[in-house]
Amino acid sequence: MTQEPEQYSFDFHSETAEIVRDSEELKVKIGDFAGPLDLLLFLIRQEKANIFDIPIAKITDEYLNYIRLMKRLDIAVAADFLVMAAQLIEIKTKMLLPRDPLSQEEDESEDPRQELVDRLLEHEKFKTAAGMLYERSTLEQAVFTRGPIETDETNAEIDATVFDLLGVFQKILARHAEEVKMEIEREEISLSDMIRTLKDRIAAFGEVSLLVFFDEMQNRRELVTAFIAVLEIVKNGGVSLKQKGTFGDIILKSI
Amino acid sequence: MEEAVQQQPARTPAELMALAEALIFVADEPISTRLIAEVLGEDKGVIDAAIDELRREYAERGSGLQIREIAGGWQLATRTEFHEEIRTFLKTRPSAKLSIAALETLAVIAYKQPVTVPEILEIRGVQSASAIKTLLDKRLIVAKGRKETVGRPMMYGTSKEFLIQFGLKDLSELPSIEDFEDLVQ
Amino acid sequence: MEEAVQQQPARTPAELMALAEALIFVADEPISTRLIAEVLGEDKGVIDAAIDELRREYAERGSGLQIREIAGGWQLATRTEFHEEIRTFLKTRPSAKLSIAALETLAVIAYKQPVTVPEILEIRGVQSASAIKTLLDKRLIVAKGRKETVGRPMMYGTSKEFLIQFGLKDLSELPSIEDFEDLVQ
């Protein structure tokens, strides 16, 4: 049994862990295995093997067969499955090595399978816990709380988490990047155009809030042009500037 | 309502009362006798009787709630005598949700602090004055001195209250773009 | 809570029950005994007794509603038996279930909290990023600060919403993870 460790070349580019449903050739549905540990547990159970004494050579072969099958069916094999394949091959190789006759007492603690068994048991525990959560949530779905009432409106604490903050922030940045792009594409508005726009507005509404007008400007350059346009119009007469209190809005009014 | 539940072996009056009670409770606006009857696949008269009995029961046991007829339907509401206590309770609740504008402004301040109003405008692309006022009122942000540039604008940063409300020990606990990217891939 | 209602001539047990009932109804999330006691300016023990009696009363008269303890507070909800009729009325289906991956990730987070993404990977043997994102979006988990190790990864734990959605009084109500060991062959 001086078998060479098998060689496999997998492409590690495939990111998706999604495995399609059903295949006629198999008794099991591919896709029931969320991850490599689930697949291993399935194979062990199929072999009716004892989890504490896994026939590692056989299980490794079947595991690799399964991965080959997935590849043949053009199913992207997730990196996690490949990492496990490598680990299985390593354990299998270690099992084939002759044992050191001097350290027989430590045999058990040195079982190359031990770590894997621990992981499988731990994993299985959480799978069972997940099943319990599933049952609980199903039960909960049979219970309903009251419909909204008037006083609900005034309610609620800040209904946001730090991840909402981050999400919102990212959206703003994305929006901002978009605007910068648009800005580059937009034609620059000339001073005479700006003066015309402002005059038209004063003619139409009798007065214009400078706060509002400046706020409409999309960038610094437009803002500066708008500012000069205001100065021009005031200089040439026909309009007055009025401020509503210190630091208040400034209103441009036709006289 | 075509989907009415299949008529089971006749329901007892007590069951009908309990069902009517549950439906009135979950409805998001006053629910009519006719609608309850349709949902349960029962006669309107039977439901009428059940609701009558239910109302009587609520009144008799001196419940804190009452079943009242409003806008052609039935509704569960608190008894009017308790308005004072209820108002006291409502006041204990933190005040209203943040608007999107306020949340956005808060996000900019949290991640870019200390930051001035013009800088926030630059990033959000919209005036944020009223949002900043809201955040100051809620003590989620505080002034952090003035920036030594033209006009010496006020700089803002998040407050201790912000940390408390968002369950953070300190600002380094704010998720970073990297934390988020890890999750999206 | 300084604004507690002025103590009126002592309230009768029946009044306390009615008041507790009204407050539990008005509250839009589970309300604790402590908060009810504060709002009413009464002793916690007195309120405890009133709620006990109230629950008994609801059960005895075969109401369509129940008062249940959840997420550290009291909540008024429909009795499970009526879910079919209520669903017919609300025209809802059982809401979308979590995927197996999300449920497993949630189980790991619930039992190991606070826990980081690499730790979850170790237990599940699969990348869990998208499951974590789903759980965050559904507000079933929340960030719980950073772990003081290399890279300061974000730690996650379950939220109050988790308790509510899974009908738990508190985390101690979760069966011990060791109990599941016996089930593993």
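It should be emphasised that the depicted structure is a prediction, and the values quoted were computed from it without experimental measurement. To find a chain, count down the sequence lines: A is the first, B the second, and so on, and within it residues start at 1.
Using a 4.5 Å cut-off between heavy atoms, Ala27(C) contacts chain A through its backbone alone, with no side-chain atom that close.
Among Leu133(A), Leu139(A), Thr138(A), the residue making the largest number of heavy-atom pairs under 4.5 Å with chain C is Leu133(A). When each of Leu90(C), Asp137(C), Val108(C), Thr105(C) is checked for heavy-atom pairs under 4.5 Å with chain A, Val108(C) comes out on top.
To the nearest 0.5 Å, atom CG of residue Asp179(C) and atom NZ of residue Lys125(A) are 10.5 Å apart. One finds the NZ atom of Lys112(C) at 4.5 Å from the CD atom of Glu122(A) (value rounded to the nearest 0.5 Å). Note that CG of Leu37(A) is 9.5 Å distant from CD of Glu104(C), once rounded to the nearest 0.5 Å. Rounding to the nearest 0.5 Å places CG of Leu103(C) at 8.5 Å from OH of Tyr134(A).
Contact between Ile123(C) and His123(A) at its shortest, heavy atoms only, is O-ND1, 3.2 Å. Between Leu121(C) and Arg119(A), the shortest heavy-atom contact is O-NH2, 4.2 Å. Scanning all heavy atoms of the two residues, the minimum distance from Ala130(A) to Ala107(C) falls at N-CB, 3.8 Å. The two residues Glu140(A) and Ile164(C) come nearest to each other via the heavy atoms OE1-O, 3.8 Å. Of all heavy-atom pairs spanning Met132(A) and Tyr111(C), the tightest one is CE-OH, 3.4 Å.
Scanning residues 66-83 of chain C against chain A with a 4.5 Å non-hydrogen threshold yields Gln66(C), Arg68(C), Ile70(C), Gln75(C), Leu76(C), Ala77(C), Thr78(C), Arg79(C), Thr80(C), His83(C), sorted by number.
Under a cutoff of 6.0 Å and an axis angle of 45°, Arg124(C) and Phe126(A) do not form a cation-pi pair.
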